[in-house]
2 protein chains.
Amino acid sequence: MNQRPALSKAEMEIARIVWDLQTATVRDVLESLPEGREIDYKTVQTFLRRLETKGYLTSKRSGRSLLYTAKVRPSQVIHETVKDFVGRLFDGEALPLVEHLIREQGLKEDDLQQLKDMLSHLESEQTIPE
Amino acid sequence: MNQRPALSKAEMEIARIVWDLQTATVRDVLESLPEGREIDYKTVQTFLRRLETKGYLTSKRSGRSLLYTAKVRPSQVIHETVKDFVGRLFDGEALPLVEHLIREQGLKEDDLQQLKDMLSHLESEQTIPE
DNA sequence: CGAAAAGGCATACACACGTAAGAGATTATG
DNA sequence: CATAATCTCTTACGTGTGTATGCCTTTTCG
């Protein structure tokens, strides 16, 4: 079904920036790095090239520089990544992870309320016909 | 706070088996590998040794072989791992991940019900004082 | 008893990763 | 225009990762 090689942590970090910018040059990405994340122009360049090689991005020349954009839908990549994660840490069971998130990771009052709302809504949309 | 080097995927796989067995020899782990996961005795041995070096397990000699057990609470490791994951993929926001899990990953009717129950329960325990 | 089995410890080895330097081309600037 | 700044492309390099081999010792079994 899929079969691009998996993204490493740093690659994911860079990919997310490109997704966010929609289309970006090496420099764009470099400048969008969060405060304090000091990494060389050349390094960013390497990551973008690798992301293209791995099939996650495509590039198009624009003047003397390259414009990178997503080749695979970000949501797709996220989906796969989460799935793999759940698989490896929770035996593929999503519920225990949700449970964990609610109990032990920062879900606040507000979030809980939103979550409840979401669940009620689901109830009405129930059995969404494809 | 923490500061063991992170676990790699394969290391996590092995660690989880040890946690599950509570205490395990190389051979125990080898035999607890899931169907189809063919990996050499020596390889398992290497992983266990690395897990010890990284500070996740300790070993105690028993006869001629070594018994490995958790040195850090599994829940702790899970917690850190999930946190890192949420950090890298969802900007540290747990809610979007929960949302994702509900919408796109296998949460079924049943799970949703359980989830709702859990939420109502939380309501009663509410505002747990630190 | 002597060979095979089972262990440990040390070492290996190819490929992935994070990070970048070097070389060469193009563009901008004092 | 000569020099500095930017870019790309290629190559590098230490460390991590997945998977094991080698060698040595202690058990076990035919």
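What's counted below: heavy atoms across the whole structure, side chains too, no hydrogens, waters or symmetry copies. Letters A, B, ... are given to chains in the order of the sequence lines, protein chains preceding strands, and every chain is numbered from 1. These numbers come from a predicted model, not from an experiment.
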Is there a donor-acceptor pair under 3.5 Å between the side chain of [X] and the backbone N or O of [Y]?
X: B:Asp111; Y: B:Lys108; value: yes
X: A:Asp40; Y: A:Lys42; value: yes
X: A:Asp20; Y: A:Ile17; value: no
X: B:Tyr56; Y: B:Pro5; value: yes
X: B:Arg4; Y: B:Val77; value: no
X: B:Glu11; Y: B:Ser8; value: yes

- Within residues 29-46 of chain B: residues closer than 4.0 Å to DNA chain C (heavy atoms): B:Tyr41, B:Lys42, B:Gln45
Please report the distance, rounded to the nearest Å, between [atom1] in [X] and [atom2] in [N].
X: B:Leu66; N: C:dA6; atom1: CG; atom2: C1'; result: 13 Å
X: A:Lys9; N: C:dA16; atom1: NZ; atom2: P; result: 19 Å
X: B:Leu48; N: C:dG7; atom1: CG; atom2: C1'; result: 13 Å

- Query: For A:Ser65 and A:Arg49, take the nucleotide of DNA chain D holding the closest heavy atom to each; which residue's nucleotide lies nearer the 5' end?
  - Reply: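 Here A:Ser65 is the residue nearer the 5' end.
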- Message: Considering every strand and a 4.0 Å limit on heavy-atom distances, what is the contact class for A:Arg27: base, sugar-phosphate, or nothing?
- Response: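 Sugar-phosphate: the residue A:Arg27, judged by heavy atoms under 4.0 Å, touches backbone atoms but no base.
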- Should we say atom NZ of B:Lys83 is surrounded by more than 12 heavy atoms from elsewhere, each under 6.0 Å from it?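 Result for NZ/B:Lys83: open.
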Do [X] and [Y] get their side chains close enough for a donor-acceptor pair, meaning under 3.5 Å?
X: B:Gln76; Y: B:Glu80; answer: yes
X: A:Gln114; Y: A:Asp110; answer: no
X: A:Arg27; Y: A:Thr25; answer: no

- Between B:Phe90 and B:Leu95, is a side chain to side chain contact (heavy atoms under 4.5 Å, CB included) present by the stated rule, with each step listed? CA-CA 9 Å; B:Phe90 295 88; B:Leu95 187 60; over 6 Å; no
- Task: Sugar-phosphate atoms are those with a prime plus P, OP1 and OP2; base atoms are the rest. Using that split, label each nucleotide of nucleotides 25-30 of chain C B, S or - for protein heavy atoms under 4.0 Å, 5' to 3'.
- Result: -BS---
- Which is the 5'-most and which the 3'-most nucleotide of DNA chain D that has an atom under 4.0 Å from a heavy atom of chain B?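 Here the contact window of chain B covers D:dT17 to D:dT27.
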- Hey, which sits more toward the 5' end of DNA chain C by its nearest nucleotide, B:Val26 or A:Lys54? B:Val26
